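Data block below; observations after.
For ligands, and for the atoms within them, numbers begin at 1 and follow the listed sequence. Index from 1, following the sequence. These figures come from a predicted structure and were not determined experimentally. FYI, side chains are in, hydrogens and waters are out, and symmetry mates aren't considered; it's all heavy atoms of this structure.
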Amino acid sequence: MFRVTEPVSPEDFQKIFDLRYHVLRAPWNQPRGSERDEAEHTSVHAMIIDADGRCIATGRLQYNSSEEAQIRFMAVSNEFRGQGLGRMILEFLEGKAKANTSATIVLQARENALRFYKDAGYNIEEKTFLLFDAIQHYRMRKTL
Ligand SMILES: CC(C)(COP(=O)(O)OP(=O)(O)OC[C@H]1O[C@@H](n2cnc3c(N)ncnc32)[C@H](O)[C@@H]1OP(=O)(O)O)[C@@H](O)C(=O)NCCC(=O)NCCS
């Protein structure tokens, strides 16, 4: 069965960045490197590896303040969607935020992922930005 782990090696991080790139950036012709930011080293990373050693699901938790955590870069490989892997990643990161005594988790949801987050207990606060002139985002929040 699948389980969530944290990356430990540079190879693990490369697999995470590759999955992020293919799911969240390549379809909109964004350059390599746009799938990561300056908060990688201070964030919690989650990944699911398949039997062939590929990263098939990932997500990241960063701490915005002592009260607020933020989830970013949620991505599940196309052929593994709808099997509960995204939910596993989300719950793993929520567990980390709770252990850190964060009061809330905020995120910027793509329109296509709204139901995924609603079903996990997140509420829409505000319609926010249009990424790559194409993907409407909504700020959502969950109280822990
Ligand atoms: C959004 C995403 C991370 C969800 O991961 P997933 O593994 O497909 O989702 P899960 O199988 O864990 O779904 C959990 C619940 O979310 C809801 N859900 C997930 N995908 C859904 C969809 N396409 N439509 C409606 N509800 C959906 C369902 O309630 C589901 O529960 P159920 O299986 O009991 O019906 C994944 O589909 C993905 O990577 N999408 C493309 C990239 C993306 O949009 N990332 C989010 C950026 S904010």
Side-chain angles (χ1 to χ4, degrees), residues 1-8 11-65 67-100 102-144:
M1 257 333 274
F2 294 120
R3 68 188 180 96
V4 181
T5 60
E6 292 180 64
V8 292
E11 291 74 23
D12 288 342
F13 276 98
Q14 194 54 55
K15 288 177 185 178
I16 285 175
F17 295 143
D18 284 347
L19 180 62
R20 282 187 192 173
Y21 182 71
H22 288 298
V23 173
L24 299 170
R25 294 292 184 265
W28 293 273
N29 299 314
Q30 297 302 303
R32 279 276 184 183
S34 64
E35 77 283 3
R36 56 186 89 179
D37 66 18
E38 65 290 338
E40 305 299 349
H41 296 299
T42 52
S43 298
V44 178
H45 299 265
M47 68 193 301
I48 296 176
I49 300 287
D50 75 359
D52 299 322
R54 294 180 306 162
C55 179
I56 55 171
T58 188
R60 190 185 88 175
L61 183 83
Q62 67 186 55
Y63 297 111
N64 293 340
S65 69
E67 309 266 289
E68 183 185 89
Q70 180 167 359
I71 285 177
R72 291 199 65 195
F73 298 113
M74 286 287 300
V76 175
S77 184
N78 195 29
E79 66 264 41
F80 287 95
R81 287 185 199 156
Q83 299 180 32
L85 300 190
R87 178 66 71 90
M88 286 172 68
I89 294 282
L90 199 57
E91 289 179 353
F92 179 89
L93 295 176
E94 289 175 357
K96 295 289 181 184
K98 276 184 194 152
N100 187 60
S102 302
T104 66
I105 297 183
V106 69
L107 56 82
Q108 294 284 349
R110 293 181 180 211
E111 194 144 35
N112 65 280
L114 283 178
R115 199 173 121 208
F116 169 72
Y117 293 119
K118 273 186 195 160
D119 288 354
Y122 290 78
N123 296 311
I124 295 177
E125 287 189 334
E126 190 187 3
K127 188 174 180 178
T128 51
F129 56 92
L130 198 63
L131 186 68
F132 314 140
D133 287 331
I135 315 168
Q136 184 61 54
H137 278 68
Y138 295 80
R139 189 173 67 244
M140 301 184 81
R141 188 180 296 275
K142 180 175 180 173
T143 302
L144 297 174

Quiz item: Looking only at non-hydrogen atoms, which of Ile56, Leu24, Leu107, Val76 approaches atom 39 (O) of ligand 1 most closely?
Solution: Val76
Quiz item: Can you check whether a protein heavy atom sits less than 4.0 angstrom from atom 34 (O) of ligand 1?
Solution: no
Quiz prompt | Closest protein heavy atom (residue, atom, distance) for atom 25 (C) of ligand 1 | solution = Arg115 NH1, 3.3 Å
Quiz item: Does ligand 1 have a heavy atom under 4.0 Å from the side chain of His137, from its backbone, from both, or from neither?
Solution: neither
Quiz item: Looking only at heavy atoms, which two atoms of Leu61 and Ala97 are closest? And how far apart?
Solution: CD2-N, 3.7 Å
Quiz item: What are the atoms of ligand 1, with element, lying closer than 4.0 Å to any heavy atom of Leu85?
Solution: 7 (O), 12 (O)
Quiz prompt | Protein heavy-atom partner closest to atom 45 (N) of ligand 1 - residue, atom, separation in Å | solution = Met74 O, 2.9 Å
Quiz item: Which residue holds the protein heavy atom closest to atom 30 (C) of ligand 1, what is that atom called, and what is the gap in Å?
Solution: Asp119 OD2, 4.5 Å
Practice problem: Considering non-hydrogen atoms only, spot the tightest contact between Phe13 and Pro7 and give its length. | Solution: CZ-CG, 3.7 Å
Quiz prompt | Asp133 atom CG, neighbour heavy-atom count above 12 within 6.0 Å | solution = no
Quiz prompt | Heteroatom distance test (Gln108, ligand 1): nitrogen or oxygen, under 3.5 angstrom | solution = no
Practice problem: Fit a plane to each ring of Phe129 and His137, take the angle between them on a 0 to 90° scale, and name the class: parallel (under 30°), tilted (30 to 60°) or perpendicular (over 60°). | Solution: parallel
Practice problem: Can you pull out the closest protein heavy atom to atom 37 (O) of ligand 1? Residue, atom name and distance to 0.1 Å, please. | Solution: Arg81 CD, 3.2 Å
Practice problem: Kindly identify the option in Ala113, Ala57, Ala120 whose heavy atom sits closest to atom 1 (C) of ligand 1. | Solution: Ala113
Quiz item: Relative to Phe73, does Arg60 satisfy both conditions: NZ or CZ under 6.0 angstrom from the six-membered ring centre, and within 45 degrees of the ring's axis?
Solution: no
Quiz item: Is it true that Arg139 and Glu68 have a side-chain N and a carboxylate O under 4.0 angstrom from each other?
Solution: no
Exercise. List the atom of Lys15, the atom of Ile49, and the distance in Å for their closest heavy-atom pair.
Key: CD-CD1, 4.3 Å
Quiz item: Can you find a non-hydrogen atom of Met88 under 4.0 Å from ligand 1?
Solution: no
Practice problem: Tell me yes or no: between the side chains of Arg141 and Thr104, is some donor less than 3.5 Å from an acceptor? | Solution: yes
Exercise. Find out whether Gln62 and Thr42 are in side-chain contact, i.e. whether some heavy atom of one side chain is under 4.5 Å from a heavy atom of the other.
Key: no
Self-check item: Per-residue contact class, Ile89 against ligand 1 - non-hydrogen pairs under 4.0 Å
Solution: neither
Quiz item: Would a search of protein heavy atoms around atom 21 (C) of ligand 1 find one under 4.0 Å away?
Solution: no
Exercise. Go through the side-chain N and O atoms of Ser77 and Glu79 and say whether any donor and acceptor fall under 3.5 Å apart.
Key: yes
Practice problem: Kindly identify the option in Pro27, Ala109, Gly59, Gly82 whose heavy atom sits closest to atom 6 (P) of ligand 1. | Solution: Gly82
Exercise. Note the single closest protein heavy atom to atom 42 (C) of ligand 1, along with its residue, its atom name and the distance in Å.
Key: Val23 CG1, 3.5 Å
Self-check item: Glu125 and Asn123 side chains, donor-acceptor separation under 3.5 Å
Solution: no
Quiz item: Out of Arg32, Arg54, Arg25, which one pairs with Asp18 under the salt bridge (Lys or Arg N to Asp or Glu O under 4.0 Å) rule?
Solution: Arg32
Quiz item: Taking the non-hydrogen atoms of Tyr117, is any one of them nearer than 4.0 angstrom to ligand 1?
Solution: yes
Practice problem: Identify the protein heavy atom lying closest to atom 48 (S) of ligand 1, giving its residue, its atom name and the separation to 0.1 Å. | Solution: Arg110 N, 3.4 Å
Quiz prompt | Lys142 side-chain N/O to Ala120 backbone N/O, donor-acceptor pair under 3.5 Å | solution = yes
Self-check item: Top protein contact for atom 11 (O) of ligand 1, by heavy-atom distance
Solution: Gly84 N, 2.7 Å
Quiz item: Heavy-atom distance to atom 16 (O) of ligand 1: which of Tyr138, Phe80, Phe73, Phe116 wins?
Solution: Phe116
Practice problem: Starting from atom 7 (O) of ligand 1, locate the nearest protein heavy atom and write down its residue, its atom name and how far away it is, to 0.1 Å. | Solution: Gly86 N, 2.8 Å
Quiz item: Which of the atoms in ligand 1, numbered in the order shown and given with their element, are less than 4.0 Å from a heavy-atom of Ala75?
Solution: 39 (O)
